[in-house]
Amino acid sequence: MLNHHRAEHLLSAYLDGELPPQEAAAVQEHLLDCAGCRETYERLRGTKGLLGQLPLAEPPADLWPVLLEPAAGGPDPGDPGGRPARGRGLRFARIPRPRRWPALLRRPAWAIAAALAVLLLAAVPLVKGTVDRLHATEIGVDLYVREHAIQMSREPLADRAYLDLVATDADLVLVGETSRAGEGGR
Amino acid sequence: MTPVPAARSVLAAAAIVLMGAGVGPAAPVPPPIDATRVLEMALEAPRLIDYEGTKVITALRAGRAETVTVAELHKRPTMLRLEYLSPEGVAGRLIVDDGTAAWHYEPRLNMAFEDQTVQEGLSVRDLTLLRRNYTLSLLGTDEVIGRQAYVIALEPRGAGVRRQLWVDRATGTVLRTEERDPSRGAVLSTYFSRISFSLNLPEALFRFRTPAGARVFTMRTVEAGSMSPAELEQRVGFRVLIPPVLPEGYTFRGGAVSRFGSLTSVYLRYSDGGSLISFFEAPAGAIGWPAFGQPVRVAAQPARFVDLGYFRVLIWEQRGLRVTAVGTAPTGTLLTVAGQIAAGREQALVSDVSRRVESDPATIRRLRGQGLTFPEIARTLVLAQQLGTDLSTAVRFVHGAITEDELARQLGMQPDALRQTVRAAVQRASTISPVAPPSGGDRPPAPLPPP
């Protein structure tokens with residue numbers, strides 16, 4: 001059994017005789033029961049009938065050189081309308097296409113993703129600089145205290161055991177660990 | 001302990017040494033000894049003696065006194081092994097220095113850090129600076145863990161930390177130390193609770209073997225060797241700030257580039273033989289402003305003061321550089337030194353010294369590029385003029401790399417005559433130097449006024 005929504009979608013194809021027999025029979029059955037779909041069907045049939053009655057018009061002669069280009073150099077000189085010579089084939093590379101948005105921009109999700117990617121790439125150096133600065137803020141004092149402790153242990157009266165302890169505390173902070181077990185940061 | 005005023009005669013000191021040693025009147029009288037000789041013994045001992053002992057360290061840390069116990073093993077001349085026993089937070093930590101590389105191992109995290117060794121032989125400069133910048137006195141003898149020890153005091157001539165050492169009479173090993181800050185009292189004290197000598201310790205104890213699965217970090221953040229501020233400037237591509245004045249006795253000890261991650265800093269260190277002040281300079285944009293520490297002012301600019309206990313840190317900005325000073329110097333001294341750097345009167349001071357000492361500004365700038373302060377430059381130039389020496393020799397003498405006796409020999413002078421000339425030159429230089437060294441005293445940093 002075909003529901004109303006699905007039948008409405010199939011009306012145009014049914015009218016053109018494009019549906020498989022089983023589906024066409026289902027639409028037909030639905031049209032018998034559904035006044036709304038019958039009304040839509042009649043409107044569609046009327047419109048298609050009007051389109052079928054329109055005369056076929058010849059394109060203007062000066063449209064050919066623009067739309068179609070003969071493979072070997074311009075319109076057939078023997079053709080008064082300037083149509084391309086038969087048998088030469090057509091090249092579409094130079095056919096001017098209507099102005100259209102780039103493919104990416106016709107798909108908003110892709111466009112947004114592309115824009116975000118570009119922004120991200122542009123922002124990487126800035127973000128990295130900021131992260132480095134933040135990291136340097138955190139490690140600056142520990143790094144300098146470490147260097148100082150190590151260099152001070154070269155002084156003849158310095159106590160190496162204490163200064164090496166300070167230096168190792170700083171080493172641990174520099175690699176992102178706490179300096180002592182059970183202790184937080186500064 | 002048997003206290004003795006420093007001014008008493010060597011005979012009095014020798015008598016006390018005899019008493020402290022428990023030697024009777026009939027025993028052979030040892031040669032008289034003075035504080036300088038005891039200091040020399042202490043400085044030479046590590047090259048002559050192996051020992052293994054347990055050391056107890058008490059130091060100021062984060063506003064309180066922390067006590068650390070460590071097993072310390074030393075093999076002459078430069079090998080060291082430290083095994084930390086307590087407190088719990090550092091128990092098991094190991095440091096091994098084989099004389100070429102130093103390893104720090106943290107068992108809690110199974111991490112090892114490798115750095116270049118800091119063990120160096122004793123230099124002439126070490127003793128020269130200590131003798132020049134500290135008043136040495138022999139206080140007497142004392143007993144430390146059942147061993148007789150000479151007690152000497154080193155009082156800084158300028159502002160700084162006063163030290164007292166207990167030096168083993170038999171071996172010269174320093175058995176106990178105490179460092180006192182003018183304002184805070186004892187900031188560091190150490191003593192051996194047990195010690196054994198001449199053990200012929202196996203070398204294998206001083207070789208680090210990386211434990212299985214340990215993460216190893218190479219921490220060679222400072223290049224080996226030393227560069228002058230002028231050389232450093234060329235290396236890093238930014239202007240290096242040289243302190244115009246420092247506490248009396250502090251002289252340029254070395255410079256290097258420090259690199260860690262993306263942070264490149266210039267490192268200048270100044271020493272008086274006993275204490276060190278380090279200056280780190282990095283482009284201000286490369287390092288954020290610290291959120292911790294006490295807000296203070298340096299030359300009317302915002303600065304941060306961080307009291308870590310044993311070390312003090314002062315951070316400020318000028319001319320696009322972040323400057324960080326680290327040291328054990330009194331807070332007031334650090335602030336004065338920072339204020340002189342931040343005043344940024346380099347050109348004016350170059351002109352002033354040039355006029356007063358009658359030397360061309362290019363020479364003054366060249367000496368600044370070697371790390372000399374303005375009072376040192378005045379002293380160097382006056383000495384070179386009065387002694388008739390070349391500038392290079394005068395600089396080495398001012399830096400403490402040449403003793404008075406050596407200089408006297410080089411110049412063919414009597415040592416006493418040279419000493420007199422030097423004293424006169426130093427006196428004259430102090431009157432013509434445009435900036436006086438900080439007088440000392442420890443004043444707390446003035447807090448920033450409320451906004």
Side-chain angles (χ1 to χ4, degrees), chain A residues 117-186, chain B residues 43 55 57 59 68 70 72 80 82 84 88-90 93 95 104 106 108-109 111 113 115 118 120 122 126-127 130 154 163 165 177 188 190 217 219 221-222 258 260-263 265 267 269 271 273-276 278 280 285-292 306 308 310-311 313 315 324 326-327:
Chain A
V118 169
L119 274 175
L120 195 64
L121 285 172
V124 161
L126 294 173
V127 172
K128 187 179 180 305
T130 306
V131 169
D132 284 349
R133 273 167 55 84
L134 289 172
H135 188 53
T137 307
E138 289 171 11
I139 56 103
V141 168
D142 292 291
L143 176 66
Y144 297 155
V145 166
R146 174 187 184 275
E147 311 287 21
H148 177 80
I150 287 174
Q151 295 303 325
M152 190 167 168
S153 59
R154 292 175 192 266
E155 298 294 310
L157 298 179
D159 186 82
R160 179 91 189 264
Y162 179 66
L163 294 170
D164 275 6
L165 184 71
V166 173
T168 310
D169 281 350
D171 281 341
L172 291 166
V173 175
L174 292 176
V175 298
E177 300 290 343
T178 53
S179 58
R180 306 272 179 94
E183 288 188 8
R186 185 178 288 107
Chain B
L43 297 180
K55 185 187 264 184
I57 303 167
V68 175
V70 57
E72 184 170 310
L80 183 74
L82 300 164
Y84 293 86
E88 200 180 340
V90 299
R93 195 176 281 186
I95 287 168
H104 298 189
E106 177 61 44
R108 169 173 60 100
L109 301 161
M111 281 181 179
F113 302 89
D115 201 348
V118 295
E120 285 179 346
L122 184 65
D126 293 328
L127 190 59
L130 281 169
L154 294 94
R163 285 184 171 76
L165 307 179
T177 66
L188 179 73
T190 71
F217 298 89
M219 303 296 286
T221 51
V222 170
S258 159
F260 187 81
S262 62
L263 182 63
S265 317
Y267 176 18
R269 56 184 199 276
S271 163
S275 295
L276 187 74
S278 298
F280 298 89
I287 181 167
W289 188 247
F292 46 83
V306 186
L308 297 175
Y310 186 56
F311 291 141
V313 183
I315 305 159
T324 305
V326 188

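Lettering follows sequence order; numbering is per chain, from 1.
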Chain A contact via [X] - which portion, at a heavy-atom distance below 4.5 Å:
X	result
B:M111	side chain
B:T177	neither
B:V326	both

Check: [Y] and [X] side chains under 4.5 Å, non-hydrogen atoms:
X	Y	result
A:L174	B:F260	yes
B:E106	A:E177	no
B:L109	A:V175	no
A:I150	B:M219	no

Quick one: closest heavy-atom pair of [X] and [Y], and the distance?
X	Y	value
A:E147	B:S258	OE2-OG, 3.1 Å
A:A161	B:E72	CB-OE1, 3.7 Å
A:V145	B:L308	CG2-CD1, 3.4 Å

* Between A:E155 and B:S271, does any side-chain donor sit less than 3.5 Å from a side-chain acceptor? -> yes
* Just checking, any donor-acceptor pair under 3.5 angstrom between side chains of B:Y84 and A:T168? -> no
* Would you give the length of the straight line joining atom CE of A:M152 to atom CZ of B:R269, rounded to the nearest 0.5 angstrom? => 12.5 Å
* Reported OG1-to-OH distance for the pair B:T324 and A:Y144, which is rounded to 0.5 angstrom -> 5.0 Å
Measure distances from [X] to the heavy atoms of chain B and classify the residue's part below 4.5 Å as side chain, backbone, both or neither.
X	answer
A:A149	both
A:D171	both
A:L143	side chain

* To do: Would you mind checking if A:D164 and B:R93 are paired as a salt bridge, meaning a charged N to carboxylate O distance below 4.0 Å?
  => no
* To do: Using a cut-off of under 4.5 Å on heavy-atom pairs, state which of A:V166, A:D169, A:L165 scores highest against chain B.
  => A:L165
* Asked: Going by the angle between their ring planes, with limits at 30° and 60°, are A:H148 and B:F311 parallel, tilted or perpendicular?
  -> perpendicular
* Asked: Taking it one step at a time, do B:F113 and A:R146 satisfy side-chain contact (heavy atoms from CB on, under 4.5 Å)?
  -> CA-CA 12 Å; B:F113 302 89; A:R146 174 187 184 275; 5.9 Å; no
* Asked: If you count heavy-atom pairs under 4.5 Å with chain A, which of B:V90, B:V70, B:L154 comes out on top?
  -> B:V90
* Asked: Which of the residues B:I315, B:L188, B:V313 is involved in the greatest number of heavy-atom pairs with chain A at under 4.5 angstrom?
  -> B:L188
